[in-house]
Amino acid sequence: MSTFKPDWFLCGGWAADAWLGEQTREHKDIEVTVFQEDQVALFEHLAGWPLVGHDDNVADDSSEPWSGRRLEQPAHIHARPGDGFDFEIILNERSGSEWVFNREAGITLPLGRCTGRSVWGLPAVGPEVILFYKALPPAWRDGPRPAIRRRDERDLEALLPHLTEEQRSWLGEAISLVQPGHPWLGRLTG
């Protein structure tokens, strides 16, 4: 991704480790995020990779190759070039210089506040962004949100002591707008 011109950021569990400067747990894949408007550039950049794009038009368990067609939110792309390496690209939305986390609830954050260079020197989403998505994983299909996974709990435990009051406050407010009563809310304010 180092030669990909549009913005991209490490996200998920490896991003948590990149902020902490050490590997805290095992990882099954590497996740990055790019913005919705950059998916054509992404398709061209990864030409020749076995890509599968998932949105409401293609089932999450599909192995149908991504043709480069426009993916609609929520969307993600799997790339499995071999050797047990799983690479997931998550498409996110922005409006000008704001990251749009949840349009319905009006949850946004300035890009400069929620992204940066990690301790490892990689562009990464901030700890509060990592935890927002881990607290509220998208339902790729209709139905209830999945339960919080053990690895997401471990990432919360690792990152929580390092969050600033501003990060905790934003994260708590954002989660409560989408899921009041979320089990992490007490831990963010305590």
Closest approach of S2 to W8 (non-hydrogen atoms, all atoms of both residues): N-CZ2, 4.3 Å
For side-chain contact (heavy atoms from CB on, under 4.5 Å), just list the numbers for L122 and W14, CA-CA rounded to whole Å, side-chain angles, deciding distance to a tenth of an Å, and then say yes or no. CA-CA 11 Å; L122 296 169; W14 276 113; over 6 Å; no
Are I77 and V34 packed together at the side-chain level, in the sense that at least one heavy-atom pair is separated by less than 4.5 angstrom? no
Walk me through it: do M1 and L42 pass the test side-chain contact (heavy atoms from CB on, under 4.5 Å)? CA-CA 9 Å; M1 293 298 288; L42 180 71; 4.2 Å; yes
Going by the rule side-chain hydrogen bond (donor to acceptor under 3.5 Å, both in side chains), which residues pair with H78 if we only count those two or more places apart in sequence or in a different chain? H54
Please tell me whether V100 and L136 are part of a single hydrophobic cluster in this structure, the criterion being side-chain heavy atoms less than 4.5 Å apart. no
Which atom pairs, donor and acceptor, lie under 3.5 Å between side-chain atoms of residues 65-74 and protein residues at least two apart or in another chain?
from, atom 1, to, atom 2, distance (Å)
W66, NE1, R69, O, 2.9
S67, OG, R69, N, 3.4
R69, NH1, D55, OD2, 3.0
R69, NH2, D55, OD1, 3.0
R70, NE, E72, OE2, 3.3
Q73, NE2, Q36, OE1, 3.0
Q73, NE2, L91, O, 3.3

Looking at P161 and E157, what are the two nearest heavy atoms and their distance? CD-O, 3.3 Å
How far does CZ of R168 sit from CG of L159, to the nearest 0.5 angstrom? 11.0 Å
Backbone N or O of T24 within a donor-acceptor pair of the R154 side chain at under 3.5 Å? yes
L188 vs I175, side-chain contact (heavy atoms from CB on, under 4.5 Å): CA-CA, chis, key distance, verdict: CA-CA 10 Å; L188 292 170; I175 290 171; 4.0 Å; yes
CG-OH distance between D152 and Y133, expressed to the nearest 0.5 angstrom: 14.0 Å
So, taking the atom named CG in L171 and the one named CG in L160, what distance separates them when rounded to the nearest 0.5 Å? 8.5 Å
I'd like to know whether E173 forms a side chain to side chain donor-acceptor pair (under 3.5 Å) with S169, so could you lay out the CA-CA distance, the side-chain angles of the two residues, the decisive distance to 0.1 Å, and finally the verdict. CA-CA 6 Å; E173 289 173 23; S169 177; 3.2 Å; yes
Working to the nearest 0.5 angstrom, can you tell me the gap between D155 CG and R150 CZ? 10.0 Å
Flag yes if F87 and V52 sit in one hydrophobic cluster, no otherwise; membership is Ile, Leu, Val, Met, Phe, Trp, Tyr, and two members link when side-chain heavy atoms are under 4.5 Å apart. no
Does the side chain of L10 reach to within under 4.5 Å of the side chain of S118, using non-hydrogen atoms? no
Please determine if R187 and E153 form a salt bridge, counting it only when a charged side-chain N lies under 4.0 Å from a carboxylate O. yes
If I compare all heavy atoms of W49 with all of A79, which pair ends up nearest, and what's the gap? CE3-CB, 3.6 Å
With the side chain counted from C-beta on, respond yes when L177 and N102 share a heavy-atom pair under 4.5 Å apart, and no when they do not. no
Reported NE2-to-CZ distance for the pair H27 and R151, which is rounded to 0.5 angstrom: 10.5 Å
Of the non-hydrogen atoms in L185 and G172, which two are nearest, and what is the gap between them? CD2-O, 3.4 Å
Taking salt bridge (Lys or Arg N to Asp or Glu O under 4.0 Å) as the definition, give me every residue that meets it alongside E98, ordered by chain and number, with sequence neighbours left out. none
Once ring-ring contact (aromatic ring centres under 6.0 Å, His included) is applied, do any residues pair with H162, and if so which ones, sequence neighbours excluded? none
Closest heavy-atom contact between C11 and I90? SG-CD1, 4.1 Å
Listed by chain and number, what are the ring-ring contact (aromatic ring centres under 6.0 Å, His included) partners of W170, not counting sequence neighbours? F101, F132
pair N92-V125: side-chain heavy atoms closer than 4.5 Å: no
With side-chain contact (heavy atoms from CB on, under 4.5 Å) as the criterion, how do I130 and W19 come out once you've worked through the C-alpha distance, each side chain's angles and the decisive distance to 0.1 Å? CA-CA 10 Å; I130 297 164; W19 284 113; 3.8 Å; yes
Please name the pair of heavy atoms, one in T33 and one in W99, separated by the smallest distance, quoted to 0.1 Å. CG2-CH2, 3.6 Å
Does anything in residues 30-39 pair up under salt bridge (Lys or Arg N to Asp or Glu O under 4.0 Å), and if so which pairs, sequence neighbours excluded? E37-R94, D38-R94
